[in-house]
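Structure first, then comments.
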Amino acid sequence: MVNPFEKRATEYLQQDEAFLAVVTPEPLSTFFEKPAQEGRLYDRLAMVIGTPGSGKTTLARLFKYSTLRILLRNRGFETYKNLIDGLSACSAIKDGQPAVIGCRISLESEYREFWEFPYPDTLKASLTVALLQARAVLAWLRDAQAAGIPLEDIEIVARPDADAALEAIGGNNGVGLQRRAREMETAIYEISAALVPPEIDEVEQNAAATAYRPLDVIDAFRVKDGNDLLQLTPLVVFDDAHYLHPSQLLALQRWLARRELRVARWILTRLDALAPADVLIEGQNVFEEDEPGLKRAREMTTIWMQSSEGRANQRRAFRKMAKDMAGRYLSQMEVFNRRGLNTLGDLLSTHVETLAPSKVEKLTKKVAATQRRYSITAERRASLEREVDGYLEKSGENSEDMKLSLLSILLERYANRTPQRGLFEDEPEVDAEPSKPLTAGAAVADGARIRLLHQFDRPYYYGIDALCDASSENAEQFLHLAARLVAQSETQLIRSKSPTLSSQAQHSLLRERADEMIRGWDFPLHHLVRRLSQGIADQCIVKSLEGNAPLNGGANAFGIPQEDFDQIPKSHPDLAKVLQFGVAYNAFVLIPNHSTKNRNWCLVELSGVLLIRNGLTLKRGGFLERRVDDLVRLTEEAS
């Protein structure tokens, strides 16, 4: 079987049972549970916005009636319990029965072509909306039939005041609804498929121009499923909305935002479909400010599949989700499954071999040279060595290379925190007390590891937590990185070797894979994003390798004063587009309103693959203070 880590499971698992076996429930609780509990998930337009690979399409498939029915019929299996609980918390399952009938319509196909027609925008929008409604009805009916329900046992609950409109959509029975929807789909398709667009008069006389508004009529679906009579909330999910023309997407939003609609409706889109200001400025409306009659808080729910809020909790939640997902994927691979290997973390060693004696000797001489340069007494060095030994003993990483690297940083810090020495070598050593106590802890130890990485290529990126953190909370990025490790482990198994990967093997494979992923960028303005990200990385490396490790593990971001960053969409529109595409395609993460030194900053943080390629820390918070002009200068150099 193909390595499932190489390709998202939803792209090739057509059977619902196989699909459900690899889906993790964590994103449901992270992104959908809260708006569902607050009553904002099904009663208004929901905009679900995320980067490629954030799991939007996978989540949409979970809300299909046929998927829910299969899930509940297998409720006795432990594998599905957490998924059922997650969907129940999102009100898709109530009292042990499906409560939603969802359908997904991809906007990737011919819908954009409507906007190329030589018709008024209102007519083009009308054709688009009519076709989408017809296909939504057909998709709902197909889904119910896939669950084993005959058309005759499907009917809609119509709005009380919609008698005339009910007749126009084919009545309330599944048979009539399907017949009318097929007529409308055929009529509109004939227009879109014509080599030469018909004249406006012909279109207006076509059946496509007649009143067909099923989403205005339908309140609910009522289906007879065995002995159960269920009333279901219809949900239509418009996926891949970034393929639409911007004006076309805005028209679709306007139509779906109307409060009188009873059908639940979601739009799934990427960040590059929005205006730059919507992406760069936290809290910006996805509707333009001057849009008449549209109030975001009242008529829309916006669900960001990544957020700057609660980042520590997000990282923990993603680790849990990624580990669960990896276990489900491993179970699909026979070579691992038959050996009971279904925990990826167990295949990734966290033991680091100490450096070769020649490298340790080189490091020893460097530390001695630092001591001599700053005229540090043997007694002071011995005191700092005891501090280092005490920390390493507790941390379980008591290796000679770590001891020397940590000691080197503390010696540099001691020199910075004591009075300036004289310039003469024969000046006697004075064991002055530092202005601030010197301690060895986890933060400075990360700085020691980064130095060892750059000086001696000592492994830094290894273990399941590092793999998760390097994925920048993006499921697809996690799978791309993990795939290389899983493939190597599989090879070792086939060759009758241990499947466990050494820290050095993990480190090398991840850096190689990250470099491939960056070289494979082909999104809009990728050359400018690459140049800007490399410019940020280069300056972060210099800071991270300073002798006293002032930022501990080092920097992985630029910090721009928040008030200046907020002006970028207006003052530097070209830079705004570069940042937007960088965020949209997982090159950057923006952290607005980061408070440090009595000032708010917006951090332009490098994504995990860029950190891996450039040898930067995965710890967050270290940044370089910069101005907007510094970002502009880097992009102009690329041009």
Side-chain angles (χ1 to χ4, degrees), residues 50-54 271 276 279-282 304-319 443 446-447 450 460-461 465-474 477-478 481 514 517-518 521 528-544 550-562 564-566 568 575-576 578-597 599-628 630-631 634-635:
T51 58
S54 53
L271 294 155
V279 178
L280 303 187
I281 303 177
E282 187 177 49
W304 296 89
M305 298 290 280
Q306 58 280 311
S307 171
S308 62
E309 297 180 1
R311 301 186 77 216
N313 291 333
Q314 282 184 31
R315 176 163 274 190
R316 284 191 293 269
F318 182 79
R319 284 182 178 181
D446 191 51
I450 288 292
Y460 180 82
Y461 306 104
D465 287 344
L467 174 61
C468 294
D469 295 348
S471 304
S472 299
E473 283 84 63
N474 183 276
Q477 194 157 286
F478 171 79
L481 292 170
M517 291 169 66
I518 293 166
W521 285 351
L528 292 175
V529 173
R530 184 180 289 109
R531 182 64 185 87
L532 177 58
S533 62
Q534 192 58 54
I536 295 173
D538 290 342
Q539 295 183 37
C540 287
I541 290 171
V542 172
K543 188 66 175 180
S544 300
L551 297 177
N552 294 316
N556 53 23
F558 273 10
I560 310 297
Q562 188 66 54
D564 297 340
F565 191 89
D566 288 344
I568 289 178
L575 173 62
V578 174
L579 290 170
Q580 177 188 8
F581 283 109
V583 172
Y585 290 91
N586 299 310
F588 306 126
V589 179
L590 299 182
I591 301 96
N593 297 308
H594 180 83
S595 181
T596 300
K597 299 180 180 178
R599 191 169 191 180
N600 279 350
W601 305 81
C602 181
L603 304 190
V604 183
E605 183 181 271
L606 298 175
S607 71
V609 291
L610 286 161
L611 300 180
I612 292 176
R613 188 175 84 164
N614 291 283
L616 293 168
T617 180
L618 295 173
K619 308 294 184 185
R620 290 167 165 166
F623 69 95
L624 306 180
E625 298 179 12
R626 295 292 186 265
R627 311 291 299 188
V628 173
D630 296 307
L631 299 177
L634 289 175
T635 56

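Note that this is a predicted model, so its numbers are computed, not measured. No hydrogens, no waters, no symmetry mates; every other heavy atom, side chains included, goes into these values.
A heavy-atom distance below 4.5 Å is found between the side chains of Gln477 and Met517. Leu606 has its side chain within reach of Ser533: a pair of non-hydrogen atoms, C-beta onward, lies under 4.5 Å apart. Taking 4.5 Å as the limit, every side-chain heavy atom of Lys619 sits out of range of all side-chain heavy atoms of Asp469. Annotation: side chain of Arg319 is in contact with side chain of Asp465 (closest heavy-atom distance under 4.5 Å). Between Val609 and Ile518, the closest side-chain pair of non-hydrogen atoms falls below 4.5 Å. No side-chain heavy atom of Leu590 sits under 4.5 Å from any side-chain heavy atom of Leu603. In this structure the side chain of Leu467 reaches within 4.5 angstrom of the side chain of Phe478, judged on heavy atoms. Looking only at side-chain heavy atoms (C-beta outward), Cys468 and Arg315 stay at 4.5 Å or farther from each other.
Looking at Arg531, its side chain never comes within 3.5 Å of a backbone N or O of Leu634 through a donor-acceptor pair. Checking side-chain atoms of Trp601 against main-chain N and O of Thr596 turns up a donor-acceptor pair under 3.5 Å. Not a single donor-acceptor pair under 3.5 Å links the side chain of Tyr461 to the backbone N or O of Leu618. Using modelled atom types, one side-chain atom of Asp630 and one backbone atom of Arg627 make a donor-acceptor pair closer than 3.5 Å. Judged purely by atom type and a 3.5 angstrom limit, Gln580 uses its side chain to pair as donor or acceptor with the backbone of Leu271. Not a single donor-acceptor pair under 3.5 Å links the side chain of Thr635 to the backbone N or O of Leu528.
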What's the verdict on side chain to side chain contact (heavy atoms under 4.5 Å, CB included) for Leu579 and Leu532, showing C-alpha distance, side-chain angles and the deciding distance? CA-CA 9 Å; Leu579 290 170; Leu532 177 58; 4.0 Å; yes
Side chain to side chain contact (heavy atoms under 4.5 Å, CB included) for Tyr585 and Val529? Distances and angles first, verdict last. CA-CA 10 Å; Tyr585 290 91; Val529 173; over 6 Å; no
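With rounding to the nearest 0.5 Å, the separation of CG in Leu616 from CG in Asp538 is 9.0 Å. Rounding to the nearest 0.5 Å gives a distance of 11.0 Å between CZ of Phe623 and SG of Cys540. Here Leu611 contributes atom CG and Ser472 contributes atom OG; the two are 7.0 Å apart, rounded to the nearest 0.5 Å. Expressed to the nearest 0.5 Å, how far CD of Gln534 lies from CZ of Arg530 amounts to 10.0 Å. Between the CD1 atom in Ile281 and the CD1 atom in Ile568 there is a gap of 9.0 Å [rounded to 0.5 Å]. Distance CD1/Ile536 to CD1/Ile541: 12.0 Å, rounded to 0.5 Å.
With sequence neighbours left out, Arg316 forms a side chain to side chain contact (heavy atoms under 4.5 Å, CB included) with Ala312, Asn313. The ring-ring contact (aromatic ring centres under 6.0 Å, His included) search around Phe581 returns none, not counting sequence neighbours. Remark: Glu605 engages Arg311, Asn556, Ala557, Val589, Ile591, Arg620 in a side chain to side chain contact (heavy atoms under 4.5 Å, CB included) (not counting sequence neighbours).
Scanning both residues, Pro52 and Asn586, for their nearest heavy atoms gives O-ND2, 3.6 Å. What you find for Gly50 and Met305 is that their closest heavy atoms are CA-CB, 3.9 Å. Residue Phe318 comes nearest to Ser471 through the heavy atom pair CE2-CB, 3.7 Å, listed as atom of the first residue, atom of the second, then distance. Closest of all the heavy-atom pairs between Gly553 and Asp446 is CA-OD2, 3.3 Å. Between Gln314 and Glu473, the closest heavy-atom pair is O-CG, 4.1 Å. Between Phe565 and Leu280, the closest heavy-atom pair is CE2-O, 3.4 Å.
Under 3.5 Å, the side chains of Thr51 and Asn474 contain a donor-acceptor pair of N or O atoms.
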